[in-house]
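Please read the structure below before turning to the comments.
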Amino acid sequence: MCIRDRTTTGRQLTSTLHPDGKMILALEETEFVDPTGSQVLIRMEAAPINPSDLFLMTGGADLEGAAYSAGRIELQVHPQAAALQAARHGVPQTIGNEGAGTVISAGDGDMAQALMGQRVACVPGNAFGEYALADAKMCIPLGDHTVEEGASSFINPMTALGFVETAKREGNNAIIHAAAASNLGQMLCRICREDDLELVNIVRKQEQAELLKSQGAVHVVNSSDSDFEQSLADAIEKTEAFLGFDPIGGGTMTDSCLRAMERVAAAKLPEFNRYGSDQPKKMYIYGRLDKSPTILTPAFGFQWTVSGWLLMPFLASCDMSTLTSMRKRVVSGLKTTFASSYKTRVGLDEMLTKDALLDYAQMKTGEKYLVTPQA
């Protein structure tokens, strides 16, 4: 690493998919020009591996049969998956949605200059690198918090707060959340308790249910139980949760939630209606943990909506006062409400080893990896 002629040089992880389906993950020497305007240059020190990062790293790829070497992996992507990503063929993609580090250079804008020398959390899209350029408006000053405490302070905390804000905007006082034992799910539990919002948590293992209950969750249902839909309907009846967020995407989870919502709503009808209840029911899909097709059945009437939810469009819909309030809340709660835990820490080289990739690609609950680019 060196600085010369106003250019900083450091390694950056890229993913390049070729038309024949070969995908190359490689640490490339990259030059970062000095920031201008509202930009800042950050020396990256910690970055979590989120499910959204894995799409560019492992999506549709044969991980067992890949060729692993120092700082480089060659994988074969399934032809169907490769064809769906034609727009990126031959174009290297940087990886790493979020992370934290120290601002070492700043543009001449007031907001950028105010961050000079500070530890910040950021969402540069290339956090798996030794350096990253980011817009000052998308940085959160960490104050006395460490970079590890702040590494996951954007995607999961702002998403969880976004769910609550979305519910309030749409007139709901309760939420259903699938895959609820995740880091994000645990944050959402804490937020909903603080905001007096009812929350129905869906998990798939008994130990996950016990984990959430030990943290104060009241309504927890296990999708592996034989009476799952009845238990879900019981929780919906108690909470009046007719809005849900599903990170699974594929399979029947969204369908099960809508069916259970309608079961509760239809039971309150004074007489049978062939078109179902007039209770609005809505599920947001915000991830694809299951890449199979989303299955919907015609068993929940006609008053329903399935929509996508993404963090960046949501943030773009917020006014500045809302954004400022959300950011302040995250920073003040980094050790409590928005605290994250990690299974292990890996440097840039180690994250490209076979053992590490096969492990973190499973996206197991409570087993998130933290990348330390300067190690």
Side-chain angles (χ1 to χ4, degrees), residues 51 159-160 162-182 184-185 188-189 192 197-206 208-209 212 217-311 313-314 317:
T159 296
F163 290 170
V164 171
E165 181 67 21
T166 298
K168 292 177 179 178
R169 282 185 190 179
E170 298 182 5
N172 293 277
N173 296 311
I175 295 173
I176 297 172
H177 186 225
S182 64
L184 189 157
L188 185 60
C189 279
C192 286
L197 200 71
E198 294 278 17
L199 178 64
V200 176
N201 302 273
I202 300 175
V203 298
R204 59 187 177 86
K205 295 180 179 179
Q206 183 57 34
Q208 294 172 340
L212 292 181
V218 177
H219 306 286
V220 185
V221 292
N222 189 339
S223 62
S224 298
D225 290 345
S226 58
D227 62 346
F228 164 56
E229 282 200 18
Q230 181 59 59
S231 297
L232 180 57
D234 292 343
I236 292 170
E237 184 173 18
K238 293 174 183 176
T239 61
E240 297 189 347
F242 292 100
L243 172 70
F245 295 86
D246 176 18
I248 300 170
T252 60
M253 180 54 70
T254 283
D255 182 73
S256 293
C257 291
L258 291 171
R259 288 164 60 95
M261 290 176 190
E262 178 62 13
R263 179 183 297 191
V264 172
K268 298 177 181 179
L269 291 175
E271 58 184 29
F272 173 75
N273 187 325
R274 74 183 74 180
Y275 301 113
S277 74
D278 59 2
Q279 169 66 52
K281 302 170 288 291
K282 189 170 189 177
M283 288 295 296
Y284 282 108
I285 294 176
Y286 73 97
R288 298 297 296 186
L289 295 176
D290 182 343
K291 295 179 177 61
S292 66
T294 301
I295 299 172
L296 298 177
T297 61
F300 33 75
F302 287 88
Q303 287 279 32
W304 57 271
T305 303
V306 175
S307 184
W309 195 99
L310 288 174
L311 177 59
F314 165 76
S317 73

**Intermediate values then yes/no, side chain to side chain contact (heavy atoms under 4.5 Å, CB included), Arg263 and Glu237** = CA-CA 9 Å; Arg263 179 183 297 191; Glu237 184 173 18; over 6 Å; no
**Asked** How close do Ala265 and Ser277 get, heavy atom to heavy atom, and via which atoms?
**Response** CB-OG, 3.3 Å
**Fill in**
Shortest non-hydrogen pair, Ser256 vs Leu232, comes out as O-CD2, 3.9 Å
**Closest approach of Pro51 to Leu289 (non-hydrogen atoms, all atoms of both residues)** = CB-CD2, 4.3 Å
**Asked** Hey, mind stepping through Thr166 and Phe245 against side chain to side chain contact (heavy atoms under 4.5 Å, CB included) and telling me if it holds?
**Response** CA-CA 10 Å; Thr166 298; Phe245 295 86; 4.2 Å; yes
**Asked** How about Gln206 and Asn222: do any of their side-chain heavy atoms sit closer than 4.5 Å?
**Response** yes
**Worked check of side chain to side chain contact (heavy atoms under 4.5 Å, CB included) between Ile295 and Asp255** = CA-CA 7 Å; Ile295 299 172; Asp255 182 73; 5.5 Å; no
**Prompt:** In chain order, what residues pass the side-chain contact (heavy atoms from CB on, under 4.5 Å) check against Lys238, with sequence neighbours excluded?
**Reply:** His219
**Message:** With salt bridge (charged side-chain N to carboxylate O under 4.0 Å, His left out) as the test, pick out the partner of Lys281 among Glu240, Glu262, Glu170.
**Reply:** Glu262
**Item:** Closest non-hydrogen atom pair between Leu197 and Ala174, with its separation
**Value:** CD1-N, 4.1 Å
**Side chains of Met283 and Phe300 in contact at under 4.5 Å (non-hydrogen atoms)** = no
**Prompt:** According to the salt bridge (Lys or Arg N to Asp or Glu O under 4.0 Å) rule, which pairs have a member within residues 287-306, sequence neighbours left out?
**Reply:** none
**Asked** Do any N or O atoms from the side chain of Asn273 and from the backbone of Tyr275 form a donor-acceptor pair under 3.5 angstrom?
**Response** yes
**Fill in**
So CZ of Arg259 and OG1 of Thr297: to nearest 0.5 Å the spacing works out to 4.5 Å
**Spacing of OG belonging to Ser317 relative to CZ belonging to Arg169, to within rounding of 0.5 Å** = 3.5 Å
**Message:** Show, in sequence, the C-alpha distance, side-chain angles and deciding distance for Cys257 and Asp246, and conclude whether the side chain to side chain contact (heavy atoms under 4.5 Å, CB included) test is met.
**Reply:** CA-CA 9 Å; Cys257 291; Asp246 176 18; over 6 Å; no
**Message:** Taking the side chain as everything from C-beta on, heavy atoms only, tell me whether Asn201 gets closer than 4.5 Å to Cys189.
**Reply:** yes
**Asked** Say you draw a straight line from CD1 of Ile176 to CE of Met261; how long is it, rounded to the nearest 0.5 Å?
**Response** 3.5 Å
**Fill in**
Correct closest heavy-atom pair for Ala181 and Gln208 would be CB-CB, 3.7 Å
**Message:** Just so I know, are the side chains of Val218 and Thr239 near enough to count as touching, which here means a heavy-atom distance under 4.5 Å?
**Reply:** no
**Asked** Nearest heavy-atom pair of Ile285 and Gly249: which atoms, and what distance?
**Response** CG2-CA, 3.7 Å
**Asked** To the nearest 0.5 Å, what is the distance between CZ (Phe302) and CZ (Arg274)?
**Response** 11.0 Å
**Request:** State the CD1-CD1 distance between Ile248 and Ile202, to the nearest 0.5 angstrom.
**Result:** 7.5 Å
**Request:** For the pair Trp309 and Tyr286, name the ring-plane relationship: parallel under 30°, tilted 30 to 60°, perpendicular over 60°.
**Result:** perpendicular
**Prompt:** Ignoring hydrogens and geometry, is there a side-chain-to-backbone donor-acceptor pair from Ser224 to Arg204 under 3.5 Å?
**Reply:** yes
**Prompt:** To the nearest 0.5 Å, what is the distance between CG (Leu258) and CG (Leu296)?
**Reply:** 7.0 Å
